[in-house]
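I have placed the structure first, in the form of structure tokens, so that the comments after it can refer back to it.
Numbers restart at 1 for each chain; the letters A, B, ... are given by sequence-line order, proteins then strands. The basis for the numbers below is simple: all heavy atoms, side chains too, and nothing from hydrogens, waters or symmetry mates. Since this is a predicted model, take the numbers as computed values, not measurements.
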Amino acid sequence: MQSKTTLNPQQSYAINHLGSPLLVLAGAGSGKTRVITHKIAHLIQQCGLEPRHITAVTFTNKAAREMKDRVGRLLPKNLSRNLTISTFHSLGLGMLRQECHHLGYRSGFSIYDTQDTEALVRELTAKDANEVDRSGCRWQISHWKNALIMPEAALQHAEDEIGFTHARIYARYQRQLSAYNALDFDDLVVQPVKLLEQHHDIRERWQNKIRHLLIDEYQDTNGAQYALMRLLVGVNQGLTVVGDDDQSVYAWRGARPENLARLVEDYPSLKVIKLEQNYRSTEHILQTANRLITNNSHLFEKRLWSAQELGERVRIVTCKSPEHEAERVVSEILHSQFKRRDDFKDYAILYRGNHQARPLERVLMEHHIPYKISGSTSFFEHSEVKDVLAYLRLIANPDDDPAFLRIVNTPRREIGAATLEKLGQYANQRDIGLFAASQELGLSQHLPSSARLRLERFTDWVQETSRKAQHGDASKITRSMIEEIEYRDWLMETSKKPEIAEKRMNNVVELLDWLDRLAKDRLDQSEGIGGLVAHLCLVGLLDRNSDQQTGNEVNLMTLHAAKGLEFSHVWIVGVEENLLPHHSSSEDEQLEEERRLAYVGITRARKTLSLSFSTSRTRSGEPCECEPSRFLGELPTEHVIWEDGATRASGAEVRERGKAHLANLKAMLS
DNA sequence: ACGCCACCTATTTTT
DNA sequence: TAGGTGGCGT
């Protein structure tokens, strides 16, 4: 690891460079985050730039939070306070919150997550028979948005029947969203782009606010994000982007690594700096990575070097089956951990697809080894969390029909399908939202008076709560709201077991606690409940996981999820043809992305790296033979060593080690 | 409103 | 093979 205080010449150059846009090509483990954090500190302390004029953008909330922490440690507290360090999406949300009326949105707008947009597409295609590929359509819509292609353009350029259908759905989708006064995640970048393109004055205002923009993981930017970046960078050209084309593994979701090249064209005065010294891995590992990636075509040549010792050779292990592979890996980890006296958390097992975690998980469990699988279901997928958020959404945004429908009868209010059907028709005719429709007296003619009464009770209650929310403390009102609707009872009623109801209620309580903290943090910004909810939808509660990251557990995750992390000891399993590279990635470009994925995995390792593959596995139920990945053949023979999985650890030996470990555990407990 | 059966599909995932 | 979804029946 690089010492805390020193910077190498390239890093220093990147930090000190001012006056023209800067592209930092930062190889794996070359200290790119350090460059960004130090540059921020430098801009403030040496250049006298005010913190509020600096914005740094990352791709995940976690990365943003870590960067905030690190900058905070470099600066006196009062200086880091007004910095903006956030994701593109949060940045966009902030802009929209101030300027949404210029785009026809009303304040209190809702943010729709993936599930919400899925539901919307489902609704839009309900009558179109089941001949529409819904997930494909949603996928396509997102790609259009990421490429800044508006519905009209999509319609014009549709090439086939499917494209045409999807484009028509896209147009309706977008219309529906704006009727709901709602934005999807992609809109959080696309709409700010529209805003800045259309309004010179607003653009200048934002350019004046953001005097220096820094972007991390730049190779992951998509078309819309690139456009936003360009619009935000003003005449003073305060731009620093850091990225690595060899670690671009998100093209499949719209990332455009060619944005690196575009930068050279769009900013003639661009300065390019390469960070090539790796502080992470030993020589054998680094050279293995270097060799693999030379098989890709490159825009910028880059050669990582390390001042570290040679270390151990990279091992390639042949196994009979994924089960055998899992036993082998686990046994090796036990052995190594015992021998080196290090922690389970120093070990990571990486794989291409989530399903590969299964056999590993089973074996780890058998041996009572603590492990952590990253990428579990999000907190927000729990129905109780969605319910509460839907309440808050409706209170902030009466036009949010999906929220209305979700909660109108949850808990039960005896407002049934027939009533909602009539309500929907009425709303449709008059082109208003369901909530507005249910408040209109004219509706009485269409509904029996008992239904009318129940509906009225609900809407009156929502309106009253909404009124309270405008003045009072948002989290307190949410708490009393949960009481008023007797949500706990509803959970008791609908859950199979009381323990489950309790667990679900705990989730609700956790959400409320979060709302508390959030409201306290942002008291000065006088956000409405809508603002809080929007923020919550974006930032999520992911942070709560990192709080509990004290556990000493073996890490299991996909290669994608491993990007940006490092571990002393890394295993990559399933390094097979059709798996890595994945069978659907046969074209050159896709193959290169698969190779980068392998590269990312390899460069996560500090001290030891092992790659394994099976010679057979069951594929879609059918057993099949498999070949070692072509990438293995591309590795430098002098840095790797091939081993036969069967010879090193027999089943008996695995069990033996397992027993020893178990005895260890027992000894520790007593 | 719920549960069961049949069918379909099977990368990577953040916001 | 397994898990998820949609439709239908109680």
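Regarding E118(A), its CD atom lies at a distance of 12 Å from the C1' atom of dG4(C), rounded to whole Å. Note: CH2 (W139(A)) to P (dT12(B)) measures 11 Å, nearest angstrom. Between the CG atom of D216(A) and the P atom of dT15(B) there is a distance of 14 Å, given to the nearest Å. Look at CD on Q115(A): it is 16 Å from P on dT13(B), rounded to the nearest Å. Note: CZ (R138(A)) to P (dT14(B)) measures 14 Å, nearest angstrom. Atom CG in L350(A) sits roughly 12 Å away from atom P in dT13(B) (whole-Å rounding). With rounding to whole Å, R352(A) atom CZ is found 14 Å from dA10(B) atom P. Put simply, CZ on R122(A) is 15 Å from P on dG4(C), counting in whole angstrom units.
For the OP1/OP2 pair of dT13(B) and a distance below 4.0 Å, the side-chain nitrogens and oxygens of N354(A) include at least one atom meeting the criterion. Between N61(A) and dT14(B) there is no side-chain N or O to OP1 or OP2 distance below 4.0 Å. Put simply, R619(A) has no side-chain N or O that comes within less than 4.0 Å of OP1 or OP2 on dA2(C). The phosphate of dT14(B) (OP1 or OP2) has no side-chain N or O of T114(A) nearer than 4.0 angstrom.
One P atom belongs to dT12(B), the other to dT5(C), and the distance between them is 15 Å to the nearest Å. Rounded to whole Å, the separation between the C1' atoms of dG6(C) and dT11(B) comes to 24 Å.
In this structure, R253(A) satisfies the cation-pi test against Y250(A), with its NZ or CZ atom closer than 6.0 Å to the six-membered ring centre and inside 45 degrees of the ring normal.
In this view, S142(A) and N146(A), D186(A) satisfy the side chain to side chain contact (heavy atoms under 4.5 Å, CB included) rule, not counting sequence neighbours. In terms of the side-chain hydrogen bond (donor to acceptor under 3.5 Å, both in side chains) criterion, K68(A) has no residue partners (sequence neighbours excluded).
Closest contact between the side chain of R253(A) and the listed nucleotides dG3(C), dT13(B), dT12(B) involves dT13(B). Checking dT13(B), dG6(C), dT15(B) against the side-chain heavy atoms of F185(A) singles out dT15(B) as nearest. Checked against dG3(C), dC2(B), dT11(B), the side chain of R412(A) finds its nearest nucleotide in dC2(B). The listed nucleotides are dT11(B), dG6(C), dT13(B); the one nearest the side chain of R134(A) is dG6(C).
Centre separation under 5.5 Å together with a plane angle under 30° does not hold for the ring of W252(A) and the six-membered base ring of dT11(B), so they are not marked as stacked.
One side chain, E384(A) or N507(A), offers a donor N or O that lies under 3.5 Å from an acceptor on the other. In this structure, a donor-acceptor pair under 3.5 Å is present between the side chains of E592(A) and S297(A). Looking at S383(A) and R504(A), their side chains do bring a donor and an acceptor atom within 3.5 Å of each other. Between the side chains of E99(A) and W206(A), at least one donor-acceptor pair of N or O atoms lies under 3.5 Å.
Remark: R457(A) CZ is loosely packed, at most 12 non-hydrogen atoms of other residues, nucleotides or ligands lying under 6.0 Å away.
Within residues 579-598 of chain A, the residues that place at least one heavy atom under 4.0 Å from DNA chain B are, in residue-number order, H582(A), S584(A).
Judged by distance alone with a 3.5 Å cut-off, no donor-acceptor contact links the side chain of T87(A) to the base of dT14(B).
Residue-level contact check: R358(A) touches the backbone only, with heavy atoms under 4.0 Å from sugar-phosphate atoms and none from bases.
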